[in-house]
Amino acid sequence: MLLYNSLRGKKEEFFPLGKDHVRLYVCGITAYDYCHVGHARSAVVFDVLVRYLCFKGWKVTFVRNFTDIDDKIIKRAAAEGLSAAEVAEKYIAAFYEDMDLLGILRADHEPRATEHIPGMIRLSQRLIEKGYAYATAQGDVYFRVRTFEGYGRLSGRNIEELRSGTRVEPGEQKEDPLDFALWKAAKPGEPFWPSPWGEGRPGWHLECSVMSEELLGLPLDIHGGGQDLAFPHHENEMTQSMAATGGEFARFWVHNGFVQVNAEKMSKSLGNFTTIRDILANFLPEVLRFFLLTKHYRSPLDFSFDSMEETEKALQRIYQTMALLREHGARTKWSNSALPPELEEELSGLENDWTRAMEDDLNTAGALGHVFGAVRLANRMLENKGWQKSTPSRDLGARILADLHYWGQALGLFQAEPQAWLTGLKDSRVRRKGLDVVRVEELLAVRQQARQAKDFEQADAVRQSLLDMGIEARDTPAGQVWDVA
RNA sequence: GGCGGCAUAGCCAAGUGGUAAGGCAGCGGUCUGCAAAACCGCGAUUCUCCGGUUCAAAUCCGGAUGCCGCCUCCA
């Protein structure tokens with residue numbers, strides 16, 4: 001498959017270095033607050049990548065870390081009156097709650113920075129021995145950026161340009177403003193670990209270098225994360241690892257694009273973020289997951305509740321067709337009439353298109369378009385009175401259902417039992433709109449009676465008042481049903 | 001200022017140099033007591049603009065304009 005490699009700025013054919021074994025490392029969260037849509041996107045994108053790599057028959061070892069010690073956690077701990085460890089614990093637990101709902105598979109290893117302090121100290125020592133790093137009198141250890149040939153390769157920067165952007169915090173004893181911290185001396189009241197340079201804590205970039213090497217071995221096949229991590233985090237991570245080992249760090253760098261709000265990046269600092277739990281209070285988790293896959297993973301994606309409602313309808317359409325296909329498959333009488341061969345050919349085409357989209361840099365948006373192609377095909381077949389009872393239609397229907405299930409496994413969608421899902425959707429909408437179900441049922445009963453009495457004037461009047469409440473009454477062969485408009 | 005990305009119908013969005021997927025909304029038809037759902041049909045002679053390469057460009061090259069991101073913590 002083709003994957004866009006940030007290292008070279010183009011799509012490249014991906015294959016694992018070990019014959020059938022992909023080693024994948026993705027930067028997880030810093031556990032200091034609830035996750036927002038941006039975190040969800042990153043998690044979903046790499047979840048789909050893992051699922052798809054597995055589909056291709058490769059064995060995947062996936063590592064996703066937690067940063068459980070850093071400035072923001074310490075700050076948050078002070079604000080919440082907890083220890084840094086307690087803050088990390090709390091938000092890691094919240095992460096699992098949110099991500100489990102979104103259908104994010106657990107990684108094979110989910111290490112925390114604080115579990116790898118000895119390794120980080122060893123890596124720092126290695127770098128000092130090689131002359132790439134130095135310790136200051138006050139117990140900080142910095143990486144000497146200028147000693148590393150090619151710094152800036154990943155993020156497309158050169159050292160001279162970076163110069164202007166850097167600044168030195170008061171009290172820092174850097175040799176050069178560009179140098180970044182490997183180890184930070186503890187300030188009073190901060191959590192610390194003993195080290196050859198005194199009590200302190202690791203810098204941010206170090207953990208990923210250490211954990212990826214220890215758990216997967218270098219070079220990694222793929223290293224992933226959000227676009228905003230490319231610089232400085234990934235650049236520094238790559239630099240220190242390559243300096244230490246003298247070899248390659250990661251063969252492919254994959255970066256997902258941002259979630260935006262009104263065309264601006266959703267971020268903590270701008271305060272324009274919506275948490276996953278805010279969304280799940282109003283929408284089914286699968287709707288959010290689907291939404292996050294409706295655009296190519298490298299492009300910016302604008303989030304809004306309006307888009308969520310739109311996505312909800314689109315996903316509902318797929319489940320509705322799945323429900324119809326289930327019903328259709330459960331028929332007991334079949335005729336021998338034929339089905340035009342084009343239908344099967346069309347489906348084969350869609351199957352190929354789906355795979356081609358996924359093979360092309362994980363184009364989930366394109367792939368979803370082809371899923372709808374299959375939905376339309378199914379509906380067309382089910383609707384046709386000449387076809388719907390035929391044995392070939394039974395087989396084609398089963399094949400479409402199997403395709404939807406298969407595609408959905410790779411995307412982490414469409415796995416629910418259709419009727420149950422549709423019922424869940426209705427409940428979710430009722431809750432969101434604060435509807436009074438008892439009142440709705442009463443009105444429906446009135447309309448039912450009026451209809452039976454052929455008093456269509458009253459029946460329509462009732463339907464109008466239901467509509468005013470946001471309820472749509474529908475008459476089907478099976479009787480009256482309703483849905484949230 | 002440096003580097004990078006994006007500009008496709010009312011909105012969202014895919015698009016491998018060969019003549020514009022799909023979703024939402026809208027309109028017409030089938031179905032229906034009337035509707036809804038579903039299906040069928042309609043909708044960009046055109047892909048921000050201007051040049052260039054080519055038999056052929058939304059797709060490649062150059063330029064302009066606009067928006068965004070990174071350069072500082074950030075998925």
Side-chain angles (χ1 to χ4, degrees), chain A residues 2 6 9 11 26-30 32-33 35-46 70-72 75 152 155-158 160-167 169 204 224-233 235 255-260 263-270 273 290-291 294-296 298-302 304 306-307 309-318 320-321 324 350 353 356-357 359-360 363-373 375-376 378-384 451 454-457 459-460 463-464 467 472-476 480-483 485:
Chain A
L2 291 174
S6 309
K11 290 183 199 174
V26 174
C27 288
I29 58 155
T30 299
Y32 75 108
D33 203 347
C35 291
H36 59 61
V37 193
H39 301 106
R41 183 179 197 192
S42 187
V44 168
V45 163
F46 289 105
D70 106 319
D71 291 341
K72 295 187 295 294
K75 203 173 149 198
S155 52
R157 281 149 230 265
N158 70 58
E160 300 318 316
E161 281 160 3
L162 282 167
R163 197 97 199 243
S164 57
T166 54
R167 58 167 186 238
E169 298 293 326
W204 177 31
Q227 229 155 49
D228 46 359
L229 299 183
F231 189 89
H233 183 54
E235 188 72 54
H255 290 106
N256 67 276
F258 299 127
V259 172
Q260 306 188 322
E264 269 197 335
K265 179 183 174 183
M266 177 181 286
S267 73
K268 309 291 289 197
S269 38
L270 288 171
F273 59 92
F290 187 98
F291 171 73
T294 53
K295 195 159 178 190
H296 185 89
R298 278 189 289 118
S299 307
L301 169 64
D302 226 74
S304 71
D306 284 348
S307 307
E309 292 204 33
E310 208 178 272
T311 303
E312 186 181 73
K313 285 181 209 160
L315 183 56
Q316 178 184 22
R317 218 179 135 209
I318 292 174
Q320 256 163 1
T321 296
L324 291 172
L350 288 164
D353 290 344
R356 204 162 354 147
E359 287 286 309
D360 184 8
N363 185 354
T364 55
L368 285 172
H370 301 122
V371 169
F372 280 104
V375 166
R376 297 179 63 174
N379 286 333
R380 219 183 313 146
M381 180 186 82
L382 295 173
E383 194 72 20
N384 188 303
R451 265 173 51 82
K454 303 266 185 221
D455 182 356
F456 295 120
E457 205 170 314
D460 289 349
R463 180 167 55 202
Q464 188 54 50
L467 217 48
E472 233 164 46
R474 284 177 204 159
D475 304 310
T476 73
Q480 179 177 252
V481 299
W482 63 278
D483 204 349

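Numbers restart at 1 for each chain; the letters A, B, ... are given by sequence-line order, proteins then strands.
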**Report entry** A:Arg376 side chain near B:G22 phosphate (N/O to OP1/OP2, under 4.0 Å)
**Finding:** yes

Query - Pair assignment for B:A21, Watson-Crick or G-U wobble, requiring both distances under 3.5 Å - result: none

Requested in this report: Would you mind classifying the nucleic acid contact of A:Phe258 as base, sugar-phosphate or nothing, using non-hydrogen atoms under 4.0 angstrom?
Outcome: base

Report summary line: Under a 3.5 Å limit on both distances, the Watson-Crick or wobble mate of B:G4 is B:C68

Query raised in the report: With both distances under 3.5 angstrom, what nucleotide forms a Watson-Crick or G-U wobble pair with B:U16?
Result: none

Query raised in the report: Which whole-number value in Å describes the distance from A:His255 NE2 to B:G5 P?
Result: 14 Å

Query raised in the report: In whole Å, what is the span from the CG atom of A:Asp306 to the P atom of B:A25?
Result: 13 Å

Report task. Output yes when at least one side-chain N/O atom of A:Arg380 is less than 4.0 Å from OP1 or OP2 of B:U30, else no. Result -> no

Query raised in the report: Which part of the nucleic acid does A:Gly9 contact within heavy-atom distance under 4.0 Å: base, sugar-phosphate only, or nothing?
Result: nothing

Query raised in the report: Is there aromatic stacking of A:Phe372 against B:G22, centre distance under 5.5 Å, plane angle under 30°?
Result: no

Requested in this report: For B:G23, take OP1 and OP2 only and decide whether either is under 4.0 Å from a side-chain N or O of A:Arg317.
Outcome: yes

Requested in this report: Look at all strands and tell whether A:Val259 reaches a base, only sugar-phosphate, or nothing, counting heavy atoms closer than 4.0 Å.
Outcome: base

Report task. Report yes or no: is the cationic atom of A:Arg157 (NZ for Lys, CZ for Arg) under 6.0 Å from the centre of the six-membered ring of A:Phe231, at an angle within 45° of the ring normal? Result -> yes

Query - Value in whole Å for how far the P atom of B:A75 lies from CD of A:Glu264 - result: 18 Å

Report summary line: Across every strand shown, the nucleotide meeting Watson-Crick or G-U wobble geometry with B:C49 (both distances under 3.5 Å) is B:G63

Report summary line: To the nearest angstrom, the CD-P distance between A:Glu235 and B:G4 comes to 14 Å

**Report entry** A:Phe273 six-ring centre to A:Lys268 NZ/CZ under 6.0 Å and within 45° of normal
**Finding:** yes

Query raised in the report: Are a donor atom and an acceptor atom from the side chains of A:Asn379 and A:Thr321 found within less than 3.5 Å of each other?
Result: yes

Query raised in the report: Please give, in whole Å, the distance from B:C73 C1' to A:Leu270 CG?
Result: 12 Å

Query raised in the report: Just checking A:Gln260: base, sugar-phosphate only, or nothing, at a heavy-atom cut-off of under 4.0 Å?
Result: sugar-phosphate

Requested in this report: Round to a whole Å and report the spacing from CZ of A:Phe290 to C1' of B:C24.
Outcome: 11 Å

**Report entry** Pair A:Asp302 + A:Lys295: basic N to acidic O under 4.0 Å
**Finding:** no

**Report entry** Which nucleotide in B:C74, B:G22, B:C34 has an atom nearest any side-chain atom of A:Ser267
**Finding:** B:C74

**Report entry** A:Lys265 vs B:C70: side-chain N/O to OP1/OP2 distance below 4.0 Å
**Finding:** yes

Report summary line: Going 5' to 3' through nucleotides 8-18 of chain B and flagging B where a protein heavy-atom sits under 4.0 Å of the base, S where only the sugar-phosphate is that close, and - otherwise, we get -----SSS---

Report task. Describe the nucleic acid contact of A:Ala473 in one word from base, sugar-phosphate, nothing, applying a heavy-atom distance below 4.0 Å. Result -> base

Query raised in the report: Using a cut-off of 4.0 Å on non-hydrogen atoms, how would the nucleic acid contact of A:Asn379 be classed: base, sugar-phosphate, or nothing?
Result: sugar-phosphate

Query raised in the report: Does a side chain donor of either A:Arg474 or A:Thr476 reach within less than 3.5 Å of an acceptor in the other side chain?
Result: no

Query raised in the report: CG of A:Leu270 to NZ of A:Lys265: how many Å apart, nearest 0.5 Å?
Result: 8.0 Å

**Report entry** Identity of whatever pairs with B:U30 - Watson-Crick or G-U, under 3.5 angstrom
**Finding:** B:A38

